[in-house]
2 protein chains.
Amino acid sequence: MILEDLERATGVEDLQRLIEALRDHFAVDHMVYHWVNSDGEQYGCGTYSDGWVERYITKDYLKIDPVVSGCYQRFHPVDWKRLDWSSRASRQFQTDAIRHGVGNQGFSIPIRGPNGQFAMFTVSHNAADDAWADFAETNRRDLILIAYYFNQKALEFEPGRTPEPTTALSPREVEAMTFLAIGYSRAQVAQTLAISEHTLRVYIESARFKLGAQNTTHAVARAISRGLIVV
Amino acid sequence: MILEDLERATGVEDLQRLIEALRDHFAVDHMVYHWVNSDGEQYGCGTYSDGWVERYITKDYLKIDPVVSGCYQRFHPVDWKRLDWSSRASRQFQTDAIRHGVGNQGFSIPIRGPNGQFAMFTVSHNAADDAWADFAETNRRDLILIAYYFNQKALEFEPGRTPEPTTALSPREVEAMTFLAIGYSRAQVAQTLAISEHTLRVYIESARFKLGAQNTTHAVARAISRGLIVV
DNA sequence: GCCGGCCTCACCATTATTGGGGAGTTGGAA
DNA sequence: TTCCAACTCCCCAATAATGGTGAGGCCGGC
């Protein structure tokens with residue numbers, strides 16, 4: 001089955017090949033994996049035409065695509081029909097998309113990973129409403145799993161995701177960082193931990209040093225994104 | 001099947017009932033859903049003893065539990081054995097957990113939702129290593145789907161626990177937060193963005209207000225854990 | 001038994017951040 | 001067109017954070 005192939009994938013070429021196989025397997029027009037960085041960078045693979053992908057990027061459609069914002073706000077898979085297409089920009093985008101071969105129906109699954117990673121797995125097709133509803137109902141679970149495995153592989157292949165040498169913080173340092181991260185001032189943290197502010201400073205500086213951080217805010221940011229504290 | 005029951009669930013009582021049914025169905029010692037709020041609050045349901053749950057909370061084990069930080073750093077399901085149990089605090093925690101009836105084996109699936117929501121779905125059991133590896137291998141996909149549906153329902157039932165609807169930051173605010181998060185001082189950020197420090201302050205204050213943050217560090221922490229910026 | 005990491009406390013001076021005001025432009029949405 | 005959100009700039013005073021330096025006790029590993 002396809003999940004096994006996915007598990008065996010060893011590079012991004014495999015993902016492109018597999019997504020085409022998936023499209024054929026589900027007999028739909030398009031299948032796309034789309035990783036969106038929060039600063040607007042994008043990576044993806046799928047079966048949309050090169051023309052549409054290029055147009056999407058150059059026209060900065062990412063910012064007005066209701067599928068993107070809809071997925072970003074939700075956890076569950078979204079049927080495109082249930083999104084808000086009312087604004088003029090949305091409708092223009094929709095018309096343009098259909099003209100470039102994107103189906104009139106679509107189904108997108110939001111996926112989130114560590115460090116705010118966000119991606120979408122999309123199936124698109126030209127079909128009547130009820131046929132599409134049937135398709136979505138029938139295949140939802142498989143698609144969720146495929147999206148999950150796809151993202152897992154994408155994360156794996158992403159360069160720069162190499163696990164950093166996690167310099168563990170001491171328990172007191174973790175506590176200090178945690179309280180700072182939830183908005184306590186140094187005085188409040190010291191009071192909460194029942195230690196002097198001087199002592200607290202030692203922890204913060206120690207944590208800053210271990211994390212290679214320039215200042216407290218930086219240290220807290222690193223502690224969070226390295227998963228050393230859960231805020 | 002159980003996924004159907006999950007889809008039909010209409011309240012948290014159903015989730016508690018279902019997770020017990022799931023434990024019996026998979027014939028394991030424990031099954032737990034554990035939602036960690038972005039301010040350190042916790043909610044969960046599962047089959048751990050009340051004593052252990054209470055102890056976990058009062059001893060603030062959330063902060064030192066290697067399962068939590070391990071899941072927080074990863075996307076894929078994690079086998080407890082492959083986590084880092086080397087620190088003293090970790091080993092104490094482990095001993096205490098086993099004494100309170102938690103299994104020696106475990107398998108936890110991280111789940112992430114909108115606005116930085118983070119939860120874990122955990123299966124725990126007393127078993128030998130190879131038997132457990134078999135179990136995990138056999139049931140991984142089912143468990144991933146169950147975790148997914150469970151979180152979907154949990155999000156549905158607990159709207160109050162969801163962090164305030166994403167008050168998106170403006171582009172400049174995102175830039176400001178991002179540079180602060182990588183250790184720049186206000187002066188440096190202002191210079192980098194080629195704006196006056198006064199202007200920068202307006203962005204920071206605005207972002208702080210939108211994020212409901214007490215201070216800059218808090219704002220950056222929230223921006224990161226809600227996935228508004230990537231560091 | 002020594003070394004190192006962790007936890008605790010202190011002072012001084014400097015720099016950075018914050019909170020309170022006010023004010024003008026621009027571009028897109030209603 | 002009107003309005004609002006976003007972007008830009010300014011002052012003053014109070015408060016918070018930081019850098020440097022120092023010290024003692026406790027515990028576990030080599």
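Heavy-atom basis, side chains included; hydrogens, waters and symmetry copies ignored. Below, chains carry the letters A, B, ... as their sequence lines are ordered, and counting in each starts from 1.
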May I have the distance from A:I204 (atom CD1) to D:dG20 (atom P), rounded to whole angstrom? 16 Å

Whole angstrom is fine here: how far is it from NE2 in A:H198 over to P in C:dC12? 11 Å

Do B:Y56 and B:F93 have side-chain heavy atoms sitting under 4.5 Å apart? yes

Validation row, ring centre A:F75 to ring centre B:Y148 under 6.0 Å: yes

For A:R172 and C:dT8, is the shortest distance between a side-chain N/O and OP1 or OP2 below 4.0 Å? yes

Ring-plane angle category for A:F107 and A:W132, please: parallel below 30°, perpendicular beyond 60°, tilted otherwise. perpendicular

Against the side chain of A:T216, the closest entry in D:dC10, C:dT17, D:dA17 is D:dA17

Nucleotide C:dT8, atom P - distance to CD of A:E175 in whole Å: 9 Å

Mind jotting down which residue pairs meet the salt bridge (charged side-chain N to carboxylate O under 4.0 Å, His left out) criterion with at least one end in residues 101-130 of chain A? Sequence neighbours excluded, please. none

Nearest to side-chain heavy atoms of B:R208, which nucleotide of D:dC7, C:dG19, D:dC9: C:dG19

When you measure from the side-chain N and O atoms of B:K210 to the phosphate of D:dA5, is any distance below 4.0 Å, counting only OP1 and OP2? no

If you draw a 6.0 Å radius around CD in A:Q188, do more than 12 non-hydrogen atoms from other residues or ligands fall strictly inside? yes

Within this structure, what is the CG-to-P distance between B:L169 and D:dA5, rounded to whole angstrom? 15 Å

Would B:T178 and B:Y184 count as a side chain to side chain contact (heavy atoms under 4.5 Å, CB included) if you check the C-alpha gap in whole Å, the side-chain angles of each, and the deciding distance to 0.1 Å? CA-CA 9 Å; B:T178 304; B:Y184 285 25; over 6 Å; no

Please confirm whether the shortest side-chain N or O distance from B:S170 to OP1 or OP2 of D:dA5 is below 4.0 Å. no

What nucleotide among D:dC10, C:dT17, D:dA17 has an atom nearest to a side-chain atom of A:S185? D:dA17

Taking for A:E197 and for B:E197 the nucleotide of DNA chain D with the nearest heavy atom, the one nearer the 5' end belongs to B:E197

Hey, which of these two, B:Y184 or A:Y203, hits DNA chain C nearer its 5' end, going by closest nucleotide? A:Y203

Please compare A:N215 and B:I195 by the position of their nearest nucleotide in DNA chain D and report the one closer to 5'. B:I195

If you compare every side-chain N and O of A:S196 against the phosphate oxygens of C:dC9 (OP1, OP2), does one of them come in below 4.0 Å? yes

Tell me: CZ of B:R88 to C1' of D:dC26, nearest whole Å? 10 Å

In whole angstroms, the gap separating C1' of C:dC7 from CD of A:E205 amounts to 15 Å

Below 3.5 Å, does any donor atom in the side chain of A:R201 face an acceptor in the base of D:dG20, or the other way round? yes

Using a heavy-atom cut-off of under 4.0 Å over every strand shown, decide if B:S206 touches base, sugar-phosphate, or nothing. nothing

Return the value, rounded to whole Å, for the distance between atom CG of A:L193 and atom P of C:dC6. 16 Å

Report the distance from atom CD of B:E173 to atom P of D:dA5, rounded to the nearest whole Å. 12 Å

Where the side chain of B:V202 is concerned, which of D:dG19, D:dA17, D:dC9 is the nearest nucleotide? D:dC9

Using OP1 and OP2 only, check whether a side-chain N or O of B:T199 sits under 4.0 Å from D:dC9. yes

